[in-house]
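See structure below.
Sequence lines set the chain letters: A, B, ... in the order given, protein chains first and strands last, and positions in each chain run from 1.
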Amino acid sequence: MDDERAAVERLERLTGMLRRRGVVLPAFEIHGGAKGLYDFGPVGGRLRAKVESVWRDHWTSQGDVVEISCPTVTPFAVLEASGHVAEFSDFMTVCGACEEASRADTMLEAHHPNPDALSLADLQALLDEASPACPACGEVSWSPVKAENLMFDTVIGAGSSGRAAFLRPETAQGMFTNYPALYRHFRERLPFGAMQLGRGYRNEISPRQGMIRLREFNMAELEYFIDPEVEAAHDLSPWSNINVHLVPAESEPGPSTIPAALEAGTILHPTVAWFMARTYDLMLALGVDADRLRFRQHARDEMAHYAMDCWDVELHGSYGWVECVGIAHRGCYDLDAHEQATGQRLRAWRSFDAPRTVEVDGWTVEGAVAGPAFRALAGKVKVAVEALDASASFPCSLTLEDGNVVEVLPEHVKRLQRTVTEAGEWFVPHVVEPAFGIDRIIWHLIDHAYEEAGEGDEAYVRLRLHRDVAPVDAAVLPLFEKDGMGDRAREVHRRLCSLRGVQAIYDGSGSIGRRYARADEIGTPCCITIDHQTLQDGTMTWRERDTGEQERLSIEAVEARLRA
RNA sequence: GCGGGUAUGGUGUAGUGGUAGCACUCGAGCCUUCCAAGCUCGCUGCGCGGGUUCGACUCCCGCUACCCGCACCA
């Protein structure tokens with residue numbers, strides 16, 4: 001109990017510090033705030049940018065992954081095809097007389113065996129036809145059916161010509177809808193990946209827990225397209241000595257290496273194992289505490305219906321174990337769904353090892369005769385004739401697929417005998433998707449890095465962030481702002497800020513110890529102090545955040561270190 | 001969304017039907033040759049909107065946000 005209270009108090013001090021120092025803070029606070037929406041402030045903005053930059057570099061370094069960027073406003077049809085409309089929404093309609101909102105599918109249960117499964121258009125049609133009375137007032141005056149719920153809806157365009165749309169609940173759909181461009185970009189060769197950093201929106205019923213459940217959040221997703229019949233060639237040997245904490249769905253949790261878990265069949269697919277391993281490296285590169293990271297496998301009944309295997313990276317922090325990354329084998333579900341909805345080919349070509357020859361022996365129509373003879377039915381006759389066995393004889397009666405019966409004469413047909421060579425086939429690629437909740441990861445970086453030393457209220461606070469993500473790269477401090485030390489320090493500050501990718505702050509107020517403390521609190525990795533000796537020989541002290549150790553360096557040496 | 005609690009400077013708090021103190025922080029200055037020192041001066045506040053009232057930070061109503069349960073969480 002005391003531990004719990006201590007943890008809550010630590011969390012309060014931590015979130016208080018984050019607000020006070022401008023890391024993360026409630027959005028729109030001067031207007032009363034808005035639940036589930038947070039700002040990254042003057043310090044947090046750069047923290048987020050650096051985390052995203054590390055993420056981006058980590059994946060592009062693979063060489064077969066490109067970054068794209070898609071709109072957040074997404075037409076209804078896209079999310080209907082992906083299954084989000086059905087999964088995320090209820091179809092609502094509002095009574096024109098009493099303004100009571102009702103679920104359209106619920107009202108139509110008497111008119112359809114399973115109205116829950118209907119599309120928006122079908123539901124609208126059924127509602128118009130059935131015209132159920134309003135359960136509240138009995139009138140029949142329904143507004144157009146509208147999808148309501150976990151997705152923010154909006155309209156593209158004005159007035160009656162507007163198209164229904166949503167703010168996207170994930171970035172992934174953009175990668176799928178861009179599949180043809182990606183396939184072309186990669187010269188029609190699998191495997192390849194596309195990724196996207198951006199905002200996603202979910203109108204959560206009740207957001208809680210600070211940055212853990214947001215209504216608008218930063219996500220980073222990668223869709224890796226593979227040929228399901230090609231044995232993936234991932235070299236997992238670099239991870240063969242690294243034990244990670246696994247929580248499999250059907251066996252005991254415990255430490256294991258990722259290659260061993262793949263070998264044992266716990267991890268079901270080598271590409272999933274590959275992304276687990278790469279993700280593990282990324283998490284450590286960002287500064288996650290390895291002891292507070294685990295991979296948890298989804299149970300069969302927990303997985304989305306299309307997923308073939310799914311592992312979450314969970315990070316442990318002030319809110320317990322929290323899902324921060326999901327690595328899912330999505331099979332061909334997404335491309336398949338968009339292909340069916342649009343009729344576009346979202347496939348890849350697979351050449352056979354050797355061309356296959358297929359003997360065709362059967363019948364087809366003699367177009368010049370059958371066309372005029374059967375007119376509108378000619379197409380269906382052709383299908384029926386080509387379905388016949390080579391042993392068929394004419395004349396004969398054929399029943400077409402629409403039930404019509406036609407008499408086919410010998411002059412309507414001709415024998416079709418030939419050898420067809422097939423060099424390969426089209427198939428729908430499978431997808432392995434690592435999806436990252438950037439805000440949740442940032443929260444855990446902060447949580448893991450936050451350290452209070454000493455006792456009680458006077459605890460010394462240090463944010464031990466990895467320097468690759470530290471929001472401020474260096475603090476430049478004149479020992480005193482006099483005798484020219486202040487001017488000299490400002491000069492050094494400007495010089496360091498002009499380095500690409502380096503952001504330094506200048507702080508000249510308060511005692512030197514106080515300024516070190518302020519820098520440590522937001523995780524500034526080093527402080528550069530200008531003292532009397534600097535005026536003599538140009539050297540300055542470099543102080544390490546985590547150890548407090550100092551050494552004297554020239555400005556050139558300082559620049560070289562910050563650039564490294 | 002339901003139930004309970006809370007809301008005073010950046011932070012922690014005191015207080016009243018006649019618009020507010022304190023501490024720390026922050027800023028300016030003095031002092032100080034390196035880890036939240038000291039001294040002087042200064043800035044900053046009653047969550048938002050209605051109502052009652054001559055007058056509301058205070059009383060009443062509504063809203064918002066935060067905390068704790070419950071529900072929700074592809």
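One C1' atom belongs to B/rU19, the other to B/rG15, and the distance between them is 13 Å to the nearest Å. Atom C1' of B/rU58 sits at a distance of 9 Å from the matching atom of B/rC46, rounded to the whole Å. Rounded to whole Å, the separation between the P atoms of B/rC59 and B/rG5 comes to 16 Å. A distance of about 7 Å separates the C1' atoms of B/rA7 and B/rG47, rounded to the whole Å. Separating the C1' atom of B/rC70 from that of B/rG18 is a span of 45 Å, rounded to the nearest Å. Rounded to whole Å, the separation between the C1' atoms of B/rG10 and B/rG45 comes to 10 Å. Taking atom P on both nucleotides, B/rC24 is separated from B/rC39 by 9 Å, rounded to a whole Å. Of the P atoms belonging to B/rC67 and B/rC31, the separation is 47 Å, rounded to the nearest Å.
Across the strands present, B/rC59 finds its partner in B/rG51; the criterion is a Watson-Crick or G-U wobble pair with both atom distances under 3.5 angstrom. The pairing partner recorded for B/rG3 is B/rC68, the criterion being a Watson-Crick or G-U wobble arrangement whose two distances lie under 3.5 angstrom. B/rA23: Watson-Crick or G-U partner is B/rU11, with both key distances under 3.5 Å.
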Report the C-alpha separation of A/Asp483 and A/Arg488 in whole Å, then their side-chain angles, then the decisive distance to 0.1 Å, and conclude whether the salt bridge (charged side-chain N to carboxylate O under 4.0 Å, His left out) test is met.
-> CA-CA 10 Å; A/Asp483 302 336; A/Arg488 189 60 178 273; over 6 Å; no
Test A/Glu521 against A/Arg21 for salt bridge (charged side-chain N to carboxylate O under 4.0 Å, His left out), laying out the working first.
-> CA-CA 9 Å; A/Glu521 192 178 38; A/Arg21 298 303 307 273; 2.8 Å; yes
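More than 12 heavy atoms of other residues, nucleotides or ligands shown are found within 6.0 angstrom of CD on A/Glu556.
Between A/Leu315 and A/Arg440 the shortest side-chain heavy-atom distance does not fall below 4.5 Å. Using a 4.5 Å cut-off on side-chain heavy atoms (C-beta onward), A/Thr271 and A/His329 make no contact. Contact annotation: the side chain of A/Met283 approaches that of A/Leu286 to within less than 4.5 Å [non-hydrogen atoms, C-beta and beyond]. At least one side-chain heavy atom of A/Arg168 sits less than 4.5 Å from a side-chain heavy atom of A/Cys70.
Relative orientation of the A/Trp311 and A/Phe295 rings is perpendicular, given thresholds of 30° and 60° on the angle between their planes. Between A/Tyr319 and A/Trp443, the ring planes are tilted. Angles from 30° to 60° get that label.
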Distances under 3.5 Å only, N/O to N/O: pair up the protein atoms with those of nucleotides 27-35 of chain B.
residue: B/rG27; atom: OP1; partner: A/Ser509; partner atom: OG; Å: 3.0
residue: B/rG27; atom: OP2; partner: A/Ser509; partner atom: OG; Å: 3.3
residue: B/rC34; atom: O2; partner: A/Tyr516; partner atom: OH; Å: 2.3
residue: B/rC34; atom: O2; partner: A/Gln550; partner atom: NE2; Å: 2.9
residue: B/rC34; atom: N3; partner: A/Tyr516; partner atom: OH; Å: 3.4
residue: B/rC34; atom: N3; partner: A/Thr541; partner atom: OG1; Å: 3.4
residue: B/rC34; atom: N4; partner: A/Asp531; partner atom: OD2; Å: 2.8
residue: B/rC34; atom: N4; partner: A/Thr541; partner atom: OG1; Å: 3.1
residue: B/rC35; atom: O2; partner: A/Arg543; partner atom: NH2; Å: 3.2
residue: B/rC35; atom: N3; partner: A/Arg543; partner atom: NE; Å: 2.6
residue: B/rC35; atom: N4; partner: A/Arg543; partner atom: NE; Å: 3.3
residue: B/rC35; atom: N4; partner: A/Gly548; partner atom: O; Å: 2.7
residue: B/rC35; atom: N4; partner: A/Gln550; partner atom: NE2; Å: 3.0

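Within a heavy-atom distance below 4.0 Å of RNA chain B, no residue of residues 428-450 of chain A is found.
Looking only at atom types and distance, the side chain of A/Asp531 has no donor-acceptor partner in the side chain of A/Thr529 under 3.5 Å away. For the residue pair A/Arg199 / A/Thr72, no side-chain donor-acceptor distance below 3.5 Å is found, with atom types taken as modelled.
For the pair A/Leu11 CG and B/rC66 P, the interatomic distance rounds to 14 Å; values are reported in whole Å. Rounded to an integer number of Å, the gap from CZ of A/Arg21 to P of B/rA36 is 16 Å. Whole-Å rounding puts the A/Lys35 NZ to B/rC63 P distance at 13 Å. Distance A/Glu9 CD to B/rU11 P: 18 Å, rounded to the nearest Å.
Pairs engaging residues 464-481 of chain A under the salt bridge (charged side-chain N to carboxylate O under 4.0 Å, His left out) rule: A/Arg46-A/Asp473, A/Lys50-A/Asp473, A/Glu451-A/Arg464, A/Arg464-A/Asp546, A/Glu481-A/Arg490 [sequence neighbours left out].
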Nucleic acid footprint by protein, nucleotides 5-10 of chain B - heavy-atom cut-off 4.0 Å, B for base, S for sugar-phosphate alone | -----S
Which parts of nucleotides 67-72 of chain B does protein reach within less than 4.0 Å, heavy atoms only, written one letter per nucleotide 5' to 3' as B for base, S for sugar-phosphate only and - for none?
-> -BBBBB
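Along RNA chain B, the nucleotide closest to A/Glu323 and the one closest to A/Arg515 are compared, and the more 5′ of them pairs with A/Arg515.
When every heavy atom of A/Ser318 is checked against every heavy atom of A/Arg10, the shortest pair comes out as OG-NH1, 3.8 Å.
Scanning for side-chain contact (heavy atoms from CB on, under 4.5 Å) contacts around A/His316 gives A/Arg292, A/Trp321, with sequence neighbours left out.
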